[in-house]
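Since this is a predicted model, take the numbers as computed values, not measurements. Every heavy atom of this structure was used, including side-chain atoms; hydrogens, water molecules and symmetry mates were not. In each ligand, atom 1 is the first atom listed, and ligand 1 is the first ligand listed. For this chain, numbers begin at 1 and follow the sequence in order.
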Amino acid sequence: MPVTNQPFSRQGDGPLLTTNDLPFAANAVLNPGAALVDGETVLLLRIEDRQGLSGIRVARSRNGVDGWRIADRPLLEPDLPDYPYEEWGCEDARVTRVGPRQWLIAYCAYSRYGPAVALATTEDFDSVRRLGVVLPPNNKDAVVFPEPFDGMWILLHRPVTGGQEHIWYACSEHDFAHWSLPGVLLPERGGPWWDGLRIGVGAQPLHTEEGWLLIYHGVKDMAGHPVYRLGLALLDANDPRKVLARASEWVFAPETEYEQRGLVPNVVFTCGAVCRGDEVWMYYGAADTAIGLAVAKTADLLAFVRRHDFMRKVGHEKGMVR
Ligand code: BMA
């Protein structure tokens with residue numbers, strides 16, 4: 001009997017978008033940020049070209065499923081000599097709305113110095129204003145919450161510290177360029193856990209009636225081959241540095257042929273989801289090759305993170321073991 005109590009169901013028989021949907025040749029289309037803008041779904045596609053370098057390009061659709069209109073030029077791409085820390089590409093953009101018409105894009109600026117966290121703002125998704133690198137390498141998987149908390153913006157990110165890769169937070173009172181007061185939000189769980197090796201923010205945090213729902217990725221090394229899966233955490237509505245629950249089991253894993261086989265096998269990796277009615281529509285990279293769409297009821301995701309809450313199971317309300 002197949003497992004039926006999984007909240008996410010895949011839409012369609014195969015990937016939502018592949019390089020065949022692009023009006024030019026590319027190596028891969030993956031890991032999109034996602035937003036609802038004026039009733040349309042906007043995806044920030046990461047497109048890896050046939051040199052191996054990535055840029056970010058916008059795709060728009062009225063229903064979030066088909067009829068994608070691909071922008072005729074990239075929104076973010078390596079631009080030398082002005083942006084030396086992006087010489088190897090702009091990857092994995094996550095987007096949040098931070099003002100009536102202002103959107104903040106957090107992305108990975110990749111260069112010979114390693115991956116760094118960079119920010120840019122946009123009002124129309126046609127052009128950006130770069131803020132530049134705000135956190136130095138080795139750091140990626142960043143996103144900013146869409147509202148300030150007690151006057152402080154909060155950013156989640158994934159620095160490499162002491163050989164470990166946890167999800168950290170940082171705060172900014174004044175602007176989006178200066179981040180301080182760091183702390184660990186979710187640590188990698190170590191050992192044989194599905195998220196034992198390294199973890200990072202997935203989609204932008206989603207506002208729900210129980211708090212901020214965070215979809216994050218975790219990695220397990222299977223005899224030298226990493227498997228990327230997705231899990232859930234629930235963060236306090238008023239102070240998302242407080243973790244209310246973290247599911248012990250993954251909620252989404254590479255199960256289809258196009259997730260298990262591709263340029264990097266066994267990868268599901270999300271950078272963006274949108275809330276439509278009582279559903280979460282999660283766009284995700286499949287095997288670093290194509291893009292899939294999976295939909296879940298928000299209530300089912302909340303029930304899942306509560307039912308599998310690791311913190312409750314081990315009796316740790318606070319502290320490093322989450
Ligand atoms: C991560 C990132 C993602 C990628 C994933 C799986 O480290 O680089 O862009 O999808 O690995 O290869």
In the protein, what heavy atom is nearest to atom 9 (O) of ligand 1, and what distance, to one decimal place, separates them? D92 OD2, 2.6 Å
Closest protein heavy atom (residue, atom, distance) for atom 1 (C) of ligand 1: Y228 OH, 3.5 Å
Residue selection (non-hydrogen contact nearest atom 6 (C) of ligand 1) among N31, V264, D288: D288
Pick, from K140, R46, E165, R198, the option with the minimum heavy-atom distance to atom 2 (C) of ligand 1. K140
Test the R60-F125 pair against the cation-pi criterion, namely NZ or CZ under 6.0 angstrom from the six-membered ring centroid and within 45° of the ring axis. no
Is it true that W194 and Y216 have ring centroids separated by less than 6.0 Å? yes
Flag, side chain of R46 to backbone of D92, donor-acceptor distance under 3.5 Å: no
Exam field: side chain Q204 to backbone A34, donor-acceptor pair closer than 3.5 Å: yes
Heavy atoms only, cut-off 4.0 Å: how does E91 contact ligand 1, side chain, backbone, both, or neither? neither
Given R94, which partner from the list L44, D141, L156 fulfils the side-chain contact (heavy atoms from CB on, under 4.5 Å) test? D141
